[in-house]
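Notes to accompany the following structure.
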Amino acid sequence: MNLKNAFAASVSVTALVASTLSVSAQTDLNALYEAAKAEGQLTTIALPHDWCGYGAVIEAFKAKYPGITINELNPDAGSADEIEAIKANKGNTGPQAPDVIDVGLSFGPSSKAEGLIQPYKVSTWDSIPDSAKDAEGYWYGDYYGVLSFLVNTDLVPNPPTSFADLKKPEYANAFALAGDPRAANQAISGVHAAGLATGATAGAEAGKAGLAFFAELNKAGNFVPVIGKAASVAQGTTPIVAAWDYNALAWKDGFAGNPAAQVIVPSDAVVAGVYIQAISAYAPHPNAAKLWMEYLYSDEGQLGWLAGYCHPIRFNDMAARGVIPQDLLDKLPPAEAYAKAVFPTLDEQAAAKTEITANWDAVVGANVQ
């Protein structure tokens with residue numbers, strides 16, 4: 001389906017829903033709320049409550065806009081699962097059809113090309129950096145972080161400080177990714193980062209180097225083929241997990257000192273990743289979806305993510321206006337840990353993703369689940 005036909009399809013689906021409002025950066029929020037309230041529901045997918053402060057963000061949205069039920073699908077799904085959920089429910093207006101998605105940056109252009117998402121520009125559109133949004137409004141960055149290690153220091157008293165360290169025998173049966181590298185952006189980024197740590201160039205080269213790195217880890221018995229989570233770190237199933245810093249910091253807070261834990265930004269690869277928001281072209285509740293976006297990209301919504309240790313995409317704009325509370329700034333890791341942060345381009349991410357997802361089984365041979 002070409003882009004023109006894809007857009008036509010999205011318009012035809014949206015037109016079936018009464019009171020759908022047009023794309024606009026100046027949407028009347030009161031009118032949008034009334035239209036969303038008439039729909040009565042918003043269906044999200046893949047939003048764990050301990051991811052980026054989403055639990056509090058969801059509750060704040062419900063408090064601000066009563067009358068809209070939030071139907072949360074598959075909180076532990078990966079980005080690819082979200083896209084498949086849109087595809088599988090194109091003709092379905094029931095509870096299994098997601099209205100909105102929160103996926104890795106590389107999934108934005110591909111979803112647009114396939115006609116799976118629709119354009120919408122929030123009222124704060126101009127303060128979202130051009131490099132982090134589709135010019136036509138099909139997708140837009142929401143927050144970013146860097147890959148880090150969360151380490152259960154009760155079990156691993158000498159934590160690794162680099163990807164290279166993970167090869168040491170002392171980390172046998174200890175390390176995991178926070179997702180399936182064949183489908184989840186966080187895990188794909190972890191493999192890409194490992195490749196970059198070897199000195200490989202971002203993109204397919206680092207993807208290939210990352211696969212070789214994980215093949216070596218797996219052969220040595222250091223890689224644990226399960227999806228790493230807070231619980232697996234605490235229980236010792238995976239005492240070391242590579243995860244976005246905002247996840248790792250939130251999980252560490254949740255431990256409340258039991259177990260003792262440390263969040264480490266690896267010295268040999270400080271890889272930043274941007275996630276994006278988009279509205280399904282087949283959203284059963286398009287006005288609720290647009291209201292959700294307006295909330296997420298308001299100062300209030302952006303601060304909600306920052307409270308969950310994410311750097312919201314409008315961070316620079318808000319900092320310049322002095323609207324970020326100092327106590328939130330004080331909870332973030334020191335800036336020097338991020339001095340060497342690199343932001344792989346869309347093309348580099350796409351090339352790495354293709355290399356990693358296509359060849360993980362053949363090169364690494366670990367069925368992560």
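What you find for Pro284 and Pro98 is that their closest heavy atoms are CD-O, 4.2 Å. Shortest non-hydrogen contact noted between Glu72 and Leu47 is OE1-O, 4.1 Å. Taking each heavy atom of Asp142 and Gln302 in turn, the nearest pair found is O-NE2, 4.0 Å. For Glu294 against Leu32, the heavy-atom pair with the smallest separation is CG-CD2, 3.9 Å. The two residues Asp28 and Asn30 have their closest heavy-atom pair at OD1-N, 2.9 Å. Among all heavy-atom pairs drawn from Gln186 and Ala178, the shortest one is NE2-O, 3.3 Å.
Within the structure, ring-ring contact (aromatic ring centres under 6.0 Å, His included) contacts touching residues 85-119 (residues at least two apart or in different chains) do not occur. For residues 207-225, every residue pair satisfying the salt bridge (charged side-chain N to carboxylate O under 4.0 Å, His left out) rule, not counting sequence neighbours, is listed here: Lys167-Glu216. For residues 176-236, the set of pairs meeting the disulfide (SG to SG under 2.5 Å) definition, not counting sequence neighbours, is empty. Within the structure, disulfide (SG to SG under 2.5 Å) contacts touching residues 40-104 (residues at least two apart or in different chains) are Cys52-Cys310.
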**Request:** Decide side-chain contact (heavy atoms from CB on, under 4.5 Å) for Val100 and Asp102; before the verdict, give the C-alpha distance in whole Å, the side-chain angles of both, and the deciding distance to 0.1 Å.
**Result:** CA-CA 7 Å; Val100 293; Asp102 179 326; over 6 Å; no

**Request:** For the pair Glu205 and Thr198, evaluate side-chain contact (heavy atoms from CB on, under 4.5 Å) and give the outcome as yes or no after the intermediate values.
**Result:** CA-CA 10 Å; Glu205 181 182 322; Thr198 69; over 6 Å; no

**Request:** Decide yes or no on side-chain contact (heavy atoms from CB on, under 4.5 Å) for Val122 and Ile128, but give the supporting numbers first.
**Result:** CA-CA 10 Å; Val122 292; Ile128 301 172; 4.2 Å; yes

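With contacts defined as side-chain heavy-atom distances shorter than 4.5 Å, the pair Ser189/Val271 does not qualify. A 4.5 Å side-chain heavy-atom check between Leu303 and Met318 finds at least one atom pair inside the cut-off.
Ring centroids of Tyr246 and Trp51 are separated by less than 6.0 Å, placing the two rings close together.
In this structure a side-chain-to-backbone donor-acceptor pair under 3.5 Å is missing from Asp180 to Ala187. Side-chain atoms of Asn152 come within 3.5 Å of backbone atoms of Val233 as a donor-acceptor pair (strictly under, hydrogens ignored). The backbone N or O of Gln96 lies less than 3.5 Å from a partner atom in the side chain of Asn89, making a donor-acceptor pair.
Ser106 pairs by the side chain to side chain contact (heavy atoms under 4.5 Å, CB included) definition with Asn185, Gln349, Lys353, not counting sequence neighbours. Partners of Tyr309 according to the ring-ring contact (aromatic ring centres under 6.0 Å, His included) rule, which considers only residues two or more places apart in sequence or in another chain, do not exist here. Evaluation of the ring-ring contact (aromatic ring centres under 6.0 Å, His included) rule for Phe61 yields Tyr65, Trp292, Tyr295 as partners, not counting sequence neighbours. For Phe255, there are no ring-ring contact (aromatic ring centres under 6.0 Å, His included) partners two or more places apart in sequence or in a different chain. For Asp50, the side chain to side chain contact (heavy atoms under 4.5 Å, CB included) partners are Pro48, Trp251, not counting sequence neighbours. Considering only residues two or more places apart in sequence or on other chains, Tyr140 meets the ring-ring contact (aromatic ring centres under 6.0 Å, His included) condition with Trp125, Tyr297.
Taken to the nearest 0.5 Å, the OG1 atom of Thr161 stands 8.0 Å off from the CG atom of Asp268. We find the NZ-CD distance between Lys252 and Gln262 to be 8.0 Å, quoted to the nearest 0.5 Å.
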Tell me which donor-acceptor pairs under 3.5 Å the side chains of residues 325-332 have, and how far apart each pair is, sequence neighbours excluded?
residue: Gln326; atom: NE2; partner: Asp330; partner atom: OD1; Å: 2.8

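Hydrophobic cluster membership of Val364, counting Ile, Leu, Val, Met, Phe, Trp and Tyr whose side-chain heavy atoms lie under 4.5 Å apart directly or via other members: Phe149, Val151, Leu155, Val156, Phe163, Leu166, Tyr171, Phe175, Leu177, Ile188, Val191, Leu211, Phe213, Phe214, Leu217, Phe223, Ile227, Ile240, Ile264, Ile356, Trp360, Val363, Val368.
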